[in-house]
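Please read these numbers as outputs of a predicted model, since none were measured by experiment. Chain identifiers are assigned alphabetically (A, B, ...) following the order of the sequence lines, protein sequences preceding nucleic acid strands; residue numbering begins at 1 within each chain.
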Amino acid sequence: MSFMKCALLSNVNVESIARQIERHEVHIAQGFGAWTQELADPASATLSIRPSSIFLVIDGTELLRGQNGLQPMLAELDEQLAWIERAAELSPGIKFFVSTIDVPARTLRAVKEERLERRLEEHWQKGIAGASASRANVYVFDLKQLVEEFGRSRFYSNKRWYLGGLRFSTSGERLIAGELERILDAQMVARKKCLLLDLDNTLWGGVIGEDGIDGIQLSETGAGARYRDFQLRIRELGQMGVILGIVSKNNEADALEVFETHEHMVLKKDDFAAMKINWSPKAENIAALAQDLDLGTDSIVFIDDNPLEREAVKNALPEVTVPDFPADTCELSSFLERVYKECFFSIESTEEDRKRTKTYLANAKRAAERTTASSIDEFLDGLRTRIFLTRVRDGDFGRAAQLTQKTNQFNLTTRRYTEQELRVLQSTPGASVYIASVADKYGDNGKVVVGILRQEAPDTVELDTFLMSCRVLGRFIEDQILDHLVAELRHDGFSKLRVRFKPTRKNAPARAFVERLQGGQLVSSDTESGEQTWEFDISKASPITKAAHAELLTKQELLAEVAS
Amino acid sequence: MVEKLIEIVAGTLRVPPSTLTPETGPGDLHAWDSLAQINIVSEIEAEFGVSIPIEQVAEIRHIRDFLPYLETMS
């Protein structure tokens with residue numbers, strides 16, 4: 001795994017926090033009072049290292065030192081917020097993680113006096129939440145939440161403050177460092193995509209086949225509420241874009257009856273992209289389900305209360321993540337929170353993520369239709385697919401980077417890019433980053449294709465990256481897009497296209513694509529890595545042989561369509 | 001007790017425990033700077049539930065100098 005370069009700014013000494021983060025490169029400013037200057041000056045040490053992220057960990061007490069009276073203090077907060085917003089505006093390629101503030105009571109006072117601290121904390125929180133909502137590169141780092149969960153008296157240390165300007169206790173620092181690391185890791189590591197759940201003693205208490213629908217534990221209050229609360233949390237995960245599925249040994253009719261008729265079921269059948277309710281071994285069901293949904297088994301997390309089932313799945317499918325089930329079911333909710341943090345944590349959920357389960361359901365419908373259509377061509381034509389291809393613009397860099405990070409199957413070179421790298425690439429002469437979205441009669445699949453072209457010689461362009469999410473695989477959309485790009489290149493006077501292919505354990509679909517291109521010359525081939533470079537003469541013919549089944553629109557055509 | 005101390009100091013400095021002895025101090029290791037000194041004091045206070053007065057933090061020049069404070073443990 002490579003690392004992220006980030007900066008940590010604060011109004012207290014955070015050097016000790018920075019030292020704890022070993023997996024990433026963390027820069028801190030010299031002198032910790034100067035965080036606003038660091039942000040305001042484009043030539044400052046912090047901005048000139050070009051970090052991908054800047055963390056602002058702000059101590060509420062220091063922020064308001066020497067200020068008195070509510071209005072002046074609110075004005076002080078507004079001024080600092082304005083500096084942060086300005087910095088975020090000037091550096092759109094840097095992600096700013098701005099902390100909430102914790103303001104301990106500043107003076108001894110009588111019970112009747114108003115607690116101004118809460119109003120100050122809230123004012124700041126609203127300010128950064130507003131900035132986060134209006135700017136794509138501003139995020140909230142919830143320091144106040146860390147303080148509250150751990151307890152204020154243990155989070156701070158007077159001795160460390162007086163000795164070295166260190167506001168936080170070593171435990172407090174560890175919590176902050178852990179949170180920073182999690183945010184940085186989330187930008188590098190492929191997160192899991194799918195959560196599979198058992199039913200009996202997992203989504204409800206008891207065994208449906210034995211206890212019956214009136215005997216299982218699931219209720220609004222009381223003991224059965226542990227399972228209801230667990231389900232609420234699972235639904236939240238689904239809303240964040242995690243694909244949900246069921247793998248349970250049961251009579252399907254018994255289990256479905258609970259989904260359809262139990263008044264306290266939070267999760268409904270439609271919340272799940274797939275259900276395998278039968279008596280086959282769970283590992284078989286998981287493998288089959290992964291295939292149905294076009295997912296790698298290494299992107300699956302499996303939750304089951306039965307240790308034998310967990311063991312069997314771990315043995316048969318060691319790449320599936322199988323967390324231990326809590327011994328005390330009162331901890332189910334916090335258990336799921338931990339699973340979220342460890343497996344599914346993401347700094348943002350994009351529109352595509354939120355729609356994902358819906359998309360997978362629609363895919364299942366498409367697959368059903370495929371079996372009824374008399375030929376594959378007829379089926380594909382009947383989908384009424386539309387492809388929208390554009391150069392990547394401002395709002396799309398995040399999604400494009402996410403696709404390069406996550407796509408494994410149809411990916412010719414598996415080069416991972418960060419958002420910032422793509423921005424730089426797009427503004428490099430001779431390079432172009434494309435993104436395409438795909439819609440059909442069942443719905444919008446969102447932005448699912450990324451292509452990067454780089455000019456290598458006056459007449460030669462190389463396909464640096466070509467990838468597509470597996471949810472639209474098998475429809476020759478990739479062929480049609482490359483065909484279009486080839487036509488554009490020819491129009492622009494290029495005569496040669498180089499296509500690179502780097503084999504991985506997972507990208508067989510990409511190999512199939514390269515193999516069906518015609519007229520290529522193999523110009524280099526690495527026997528060790530298997531990496532190949534093919535060159536195509538595009539001055540007269542296209543390497544694409546497959547017939548088009550979709551309507552491909554570019555930005556100009558879209559505009560013309562809207563106008564007419 | 002000394003082993004435990006060495007383990008804590010090694011963990012804080014991110015060095016192997018085998019590189020430390022009771023005689024090791026801030027002058028011997030590059031990693032043991034003033035910030036590390038504060039962190040070591042904090043970790044030892046937390047681990048053993050003792051308090052080392054602020055005036056005496058600078059007096060600690062060897063790992064063995066922590067031992068008298070541990071004797072005050074209940």
Side-chain angles (χ1 to χ4, degrees), chain A residues 3 7-35 55 57 59 61-62 146-147 149-181, chain B residues 1 3-20 24-74:
Chain A
F3 58 84
L8 173 56
L9 292 181
S10 180
N11 51 354
V12 293
N13 185 349
V14 287
E15 189 176 347
S16 172
I17 297 175
R19 280 188 192 179
Q20 289 181 45
I21 300 170
E22 290 184 323
R23 285 200 292 279
H24 304 280
E25 187 181 323
V26 185
H27 292 257
I28 54 170
Q30 294 304 315
F32 32 85
W35 65 281
F55 292 93
V57 173
D59 178 59
T61 306
E62 269 311 282
L146 289 180
V147 176
E149 275 184 10
F150 190 65
R152 187 183 272 157
S153 61
R154 292 192 293 152
F155 203 89
Y156 296 106
S157 160
N158 287 333
K159 187 171 289 171
R160 293 168 64 76
W161 175 245
Y162 295 125
L163 276 171
L166 301 154
R167 178 64 87 194
F168 312 108
S169 67
T170 47
S171 308
E173 287 188 343
R174 266 195 288 276
L175 286 171
I176 294 170
E179 197 69 14
L180 298 185
E181 229 162 20
Chain B
M1 204 68 100
E3 290 77 49
K4 185 76 193 160
L5 274 175
I6 285 179
E7 191 186 306
I8 293 170
V9 174
T12 311
L13 299 178
R14 291 160 198 267
V15 299
S18 57
T19 60
L20 304 176
T24 312
D28 302 323
L29 283 167
H30 182 64
W32 195 331
D33 59 9
S34 59
L35 181 58
Q37 175 90 344
I38 300 172
N39 281 339
I40 290 166
V41 168
S42 299
E43 297 288 358
I44 287 170
E45 285 188 333
E47 179 67 29
F48 294 99
V50 297
S51 179
I52 299 167
I54 191 166
E55 299 80 3
Q56 285 159 35
V57 170
E59 304 297 314
I60 291 170
R61 298 202 181 86
H62 310 279
I63 291 178
R64 64 172 154 78
D65 294 343
F66 285 106
L67 284 169
Y69 297 100
L70 307 190
E71 284 159 15
T72 67
M73 280 165 59
S74 51

Query raised in the report: Side chain, backbone, both or neither: which part of B:Gln37 has a non-hydrogen atom closer than 4.5 Å to chain A?
Result: neither

Query raised in the report: Would you say A:Asn11's side chain and A:Asp59's backbone share a donor-acceptor pair under 3.5 angstrom?
Result: yes

Report task. Sort B:Ser34 into side chain, backbone, both or neither according to what part of it lies under 4.5 angstrom from a heavy atom of chain A. Result -> neither

**Report entry** Heavy-atom side-chain proximity of A:Ser16 to A:Arg160 below 4.5 angstrom
**Finding:** yes

Query - Residue B:Ala36 versus chain A: region with a heavy atom under 4.5 Å - result: both

**Report entry** A:Ser10 side-chain N/O to A:Val57 backbone N/O, donor-acceptor pair under 3.5 Å
**Finding:** yes

Query raised in the report: Which region of A:Glu22, side chain (C-beta onward) or backbone (N, CA, C, O), has a non-hydrogen atom less than 4.5 Å from a non-hydrogen atom of chain B, or is it both or neither?
Result: side chain

Report task. Determine yes or no for a side-chain-to-main-chain donor-acceptor pair under 3.5 angstrom, with A:Lys159 supplying the side chain and B:Ile52 the backbone. Result -> yes

Query raised in the report: Side-chain contact, heavy-atom cut-off 4.5 Å: A:Trp161 with A:Arg167?
Result: yes

**Report entry** Greatest number of heavy atom pairs closer than 4.5 Å to chain A - which of B:Val57, B:Asn39, B:Val41, B:Thr12
**Finding:** B:Asn39

Query - chain B contact via A:Arg174 - side chain, backbone, both or neither, heavy atoms under 4.5 Å - result: side chain

